[in-house]
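The shown structure was predicted, so the numbers you read here are calculated from the model rather than taken from an experiment. Within every chain, numbering begins at 1; the chains are lettered A, B, ... in the order of the sequence lines, protein sequences first and strands thereafter.
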There are 2 protein chains.
Amino acid sequence: MGITIGDIAKKANVSKATVSRVISDHPKISAKTKERVLKVMDEFDYHPNMIARSLAHRSTKIIGVVIPGISEKSFKHPFFPEMLRGAASVAQKNHYNILMSAVSTAEMETQVINELAKGGIVEGIILMGATVHDKFISELLKLKFPFVVVGRPENQDSVSWVDNDNVQAAYELTKHFIEQGHSRIAFLGASSIDIVVIDRLEGYKKAMREHGLPINEKLIIEDKNIDGDGYAFMKALMKRQEPMTGLIAMDDFMAFGAIKYINECGLSVPDDIAVAGFNNVLLSNYSTPPLTSVEVNPFHLGTRAFELLIANLTSSYKSIDRAIIPADLVVRQSTLRGTGK
Amino acid sequence: MGITIGDIAKKANVSKATVSRVISDHPKISAKTKERVLKVMDEFDYHPNMIARSLAHRSTKIIGVVIPGISEKSFKHPFFPEMLRGAASVAQKNHYNILMSAVSTAEMETQVINELAKGGIVEGIILMGATVHDKFISELLKLKFPFVVVGRPENQDSVSWVDNDNVQAAYELTKHFIEQGHSRIAFLGASSIDIVVIDRLEGYKKAMREHGLPINEKLIIEDKNIDGDGYAFMKALMKRQEPMTGLIAMDDFMAFGAIKYINECGLSVPDDIAVAGFNNVLLSNYSTPPLTSVEVNPFHLGTRAFELLIANLTSSYKSIDRAIIPADLVVRQSTLRGTGK
DNA sequence: CTGAAAGCGCTTACAG
DNA sequence: CTGAAAGCGCTTACAG
C-alpha cells in the first residue's frame with residue numbers, strides 16, 4: 001500500500017488527528033479544512049487502513065456467519081444460501097461485512113471461537129442451524145459473546161434465536177390434507193434428534209387428533225439421515241403395505257424422490273397419493289405436477305437473525321430475543337384432487 | 001475482552017516478545033519457557049488479538065469473495081453456493097478466512113474495492129463471475145491487487161481466471177444429440193453479452209457444421225435475460241412453427257420450464273423432443289424423465305480459483321494463470337430415445 | 001476548531 | 001535464547 005494518514009496530514013498541513021476527524025466525519029471540524037483534507041485524500045486516492053482503525057476503536061464491523069456441516073447436500077439445497085443472502089442484505093445496509101465459516105467438526109468449532117470470537121475478528125456470530133451445537137452455543141454463552149442462532153436451539157430460553165413455528169406449519173399442512181378428504185396421511189423423514197422435524201411431527205399429530213383421525217405409526221418413516229432419500233423412504237413405506245392417500249415429506253427434494261417411486265409403482269400424484277413437501281424449492285413450481293410445499297422464508301430467517309444481532313450489538317440493553325418467521329403454505333396441484341394428469 | 005499479551009508476559013515472567021514468539025512458534029525458544037508460557041496462556045484462556053496481529057505483520061489472512069448481482073435467482077441456483085463452498089474448503093485448509101461480498105451496483109463495487117482492498121481488510125479477491133465487470137477488473141488491475149476471476153473475462157490475457165471450456169462442452173453435448181439421430185436441434189437462451197453462452201453457441205454451431213448439418217437461426221432463441229424462463233422461451237420457439245426433435249437449454253431449470261411447455265403441448269420428452277440442460281442440478285437426476293445435463297463442476301471452479309489466488313499470494317513470482325475445469329456430459333433419459341414414458 | 005501525545009495489542013529487527 | 005524499543009496506522013481524551 002503505502003500512503004497513510006500521516007502522509008495526508010502533511011500534504012494538507014494539518015495533524016493526523018484532524019485527518020482522522022475528517023475521515024469519521026466529526027461534527028466540529030471547519031468546512032474549510034475538511035474540504036482541503038478531502039481534496040488531498042482524493043488526490044492521493046487515500047483510503048484508511050481498516051485494520052488499524054479496527055484496532056484503535058475496537059470494532060471491526062465484521063460478523064461471523066457459521067454454517068454447520070457444510071456438507072455437499074446442505075449447500076446444494078437453496079436453504080442455506082438463501083439465509084446467507086438474507087443476512088448479507090442486512091449486513092450491507094448496516095455497513096457490516098460477513099465472514100463466512102463452514103464448520104463440520106468439533107475441532108473447527110473451537111477454532112472458530114478462538115480465532116474469530118476471542119481473537120477479536122468478529123463482533124458477533126450468526127449460527128445457521130441449531131442442531132447438535134450444544135457445545136458451540138454454551139461456549140459462546142460462557143464468553144458472553146453476542147450471537148443469534150437460526151433454528152430454535154435446545155436451551156431456547158437463554159439464547160436469541162429466529163425460527164419458523166414448525167408445529168404450526170405442519171399443523172396447517174396436515175389440515176390441508178384432511179380438508180382435501182385424506183385420512184391416511186404418511187409422514188416421511190421423521191427424526192428424534194432434529195428439533196425442526198420433531199416439531200413438525202407434533203404439528204402433524206395435533207392436526208390428526210383434532211380431526212379425530214388415528215395416528216398410524218406405520219405411516220411414519222424415520223431415519224437418522226436428515227436429508228434422507230425420498231425414493232428410498234417411499235420404497236420402505238410401500239413395503240409396509242399400509243394404504244395411504246396422502247404424503248408429507250420433510251423437504252421438497254425428498255418429496256420428488258418419493259413421487260418418482262410412486263410413479264414407478266404405476267400410481268399417480270395427486271390422484272392416488274397426494275404429496276407435499278417443505279421449503280418450496282424453485283422447482284416445485286415447475287415439477288409435474290407442481291408440488292404443494294411450505295415456504296419457510298429462509299431469506300427472512302437470515303435477515304431477521306442479522307437484525308437481532310445488530311440490535312444486540314448496538315443497544316446498551318442486552319436482551320434475549322426471539323423471532324418467529326411465518327411459514328406459508330403454498331398449495332399446488334400435487335395435493336389438489338382431480339387435477340392430476 | 002481484556003487479557004493481552006502483556007498480561008501473559010507478566011504472569012509467565014517473560015517479555016511480550018517472548019510470548020509473541022511462543023504464539024508464532026518461533027524455532028529458537030527454549031522448550032522450558034515455551035512450555036511455561038503455553039501453560040499460562042492456557043490457564044488464562046488467552047487468544048491473541050488477530051486484528052493487532054494483522055496490523056503488525058500486515059497480513060490478515062482474509063480473502064474477499066465477491067458475488068456479482070446476488071439477485072434472488074442467482075443464489076437460489078446451486079451454482080454460486082457450490083463455488084463458494086469450493087472456495088471455502090480450500091480457504092480452510094490454508095487457514096484463510098472468507099469475507100463474502102454481494103455486489104450488485106457499480107457503487108457497491110467501488111465500495112468493496114475501497115474498503116476491502118485499499119482498506120487492507122482482504123489480501124486478495126475472488127470474483128465469482130466475469131460478466132460485465134470490466135471496471136471492477138480494470139480497477140483491480142490498476143491497483144495491482146491480487147485477484148482471480150471465475151469465468152473467462154473479456155481481457156482474458158491480463159487476468160488470472162478459471163473456467164470450463166464452454167465451446168467444447170456445448171460441442172460435445174450437441175454431438176451427443178447428433179449421434180442420437182437429431183438434426184433439428186434448438187438452442188435456448190442464446191445471448192450476445194454473456195461470454196459463457198456465446199461460447200456455447202459457438203460449440204453448438206461447430207458440432208452442427210462438422211456433421212454437415214444446417215444451422216437454422218429460427219431454432220435459436222435469444223434473450224437479454226440470462227436466467228430466462230424456459231417455459232416462455234419454449235412457447236416463443238413453438239410459435240415459430242419450426243420443426244425440431246432436440247433442444248439444448250442453457251440451464252437445467254430453463255430446460256424444466258421448456259419441458260413443462262412441451263408436455264402441455266401434448267408432446268413427450270424424449271420421444272418427440274429430446275432435451276438437455278447445463279449445470280446438472282440435483283433434481284435433474286430425479287425429474288421425469290431424468291435430464292441430460294452438463295456438469296460444470298462449480299465446486300472445483302471454486303477450489304481452483306482459490307488455489308490460484310493463494311499461489312499468487314505466496315509466491316514471489318507473480319504470474320497470470322488460468323485453469324480449465326473439465327465439464328462432464330451426464331447423459332440421462334431425456335435425450336435417450338425409446339426410453340420415454 | 002485543532003494538535004500533541006498516548007494508546008489499541010501485537011511483531012520484529014537489533015543487541016546481547 | 002531473550003528483552004527493550006520502535007513500529008504497524010489509526011483514534012481519542014485532554015488541552016488550548
If I take atom CD1 in residue B/Ile51 and atom P in nucleotide C/dC8, what distance separates them, rounded to the nearest angstrom?
16 Å
Partner of A/Ile125 under side-chain contact (heavy atoms from CB on, under 4.5 Å), chosen from A/Val149, A/Val66, A/Leu99:
A/Val66
C/dG9 C1' sits how many Å from B/Met41 CE, rounded?
14 Å
Side chains of B/Val90 and B/Tyr96 in contact at under 4.5 Å (non-hydrogen atoms):
no
NA contact type, B/Val14, heavy-atom cut-off 4.0 Å: base, sugar-phosphate, or nothing?
sugar-phosphate
For B/Ser15 and D/dG3, is the shortest distance between a side-chain N/O and OP1 or OP2 below 4.0 Å?
yes
Between A/Arg322 and A/Asp157, does a salt bridge (charged side-chain N to carboxylate O under 4.0 Å, His left out) hold up when you go through it step by step?
CA-CA 9 Å; A/Arg322 72 184 55 178; A/Asp157 291 328; 3.3 Å; yes
B/Pro48 vs B/Ile5 side-chain heavy atoms within contact, under 4.5 Å
no
What are the two closest heavy atoms between A/Val40 and A/Ala12, and how far apart are they?
CG2-CB, 3.8 Å
Is the distance from OP1 or OP2 of C/dC8 to the nearest side-chain N or O of A/Arg58 less than 4.0 Å?
no
Validation row: B/Phe147, B/Ile137 side chains within 4.5 angstrom (heavy atoms)
yes
Strand DNA chain C as a dot-bracket string - pairs counted if Watson-Crick or G-U with both distances under 3.5 Å, | where the partner lies in another strand:
|||.||||||||.|||
Choosing from D/dA4, C/dC10, D/dC10, which nucleotide comes nearest the side chain of B/Asn49?
C/dC10
If you find the nucleotide of DNA chain C closest to A/His57 and the one closest to A/Asn13, which residue's nucleotide is nearer the 5' end?
A/Asn13
How far, in whole Å, is C/dT12 from C/dG16 if one measures between their C1' atoms?
16 Å
Ignoring hydrogens, what is the shortest heavy-atom contact between A/Ile121 and B/Ile51? Give both atom names and the distance.
CA-CD1, 4.2 Å
Among C/dC10, C/dA4, C/dG7, which nucleotide sits nearest the side chain of A/Ala56?
C/dG7
Using modelled atom types only, decide if a donor and an acceptor are shared between the side chain of B/His95 and the backbone of B/Ala91 within a distance under 3.5 Å.
no
It should be established whether B/Tyr46 places a side-chain nitrogen or oxygen under 4.0 Å from OP1 or OP2 of nucleotide C/dC10.
yes
To the nearest Å, how far apart are A/Lys61 NZ and D/dC10 P?
19 Å
Rounded to the nearest angstrom, tell me the gap between atom CG in B/Leu55 and atom P in C/dC10.
12 Å
If you compare all heavy atoms of B/Lys34 against all heavy atoms of B/Ile29, which two are closest, and at what distance to 0.1 Å?
CB-CG2, 3.6 Å
Looking for any heavy atom pair under 4.0 Å, which part of the strands does A/Thr33 touch: base, sugar-phosphate only, or nothing?
sugar-phosphate
Going by number, which of residues 20-30 of chain A have a non-hydrogen atom under 4.0 Å from DNA chain D?
A/Ser20, A/Arg21
Rounded to whole Å, please give me the gap between NZ in A/Lys10 and C1' in D/dG9.
13 Å
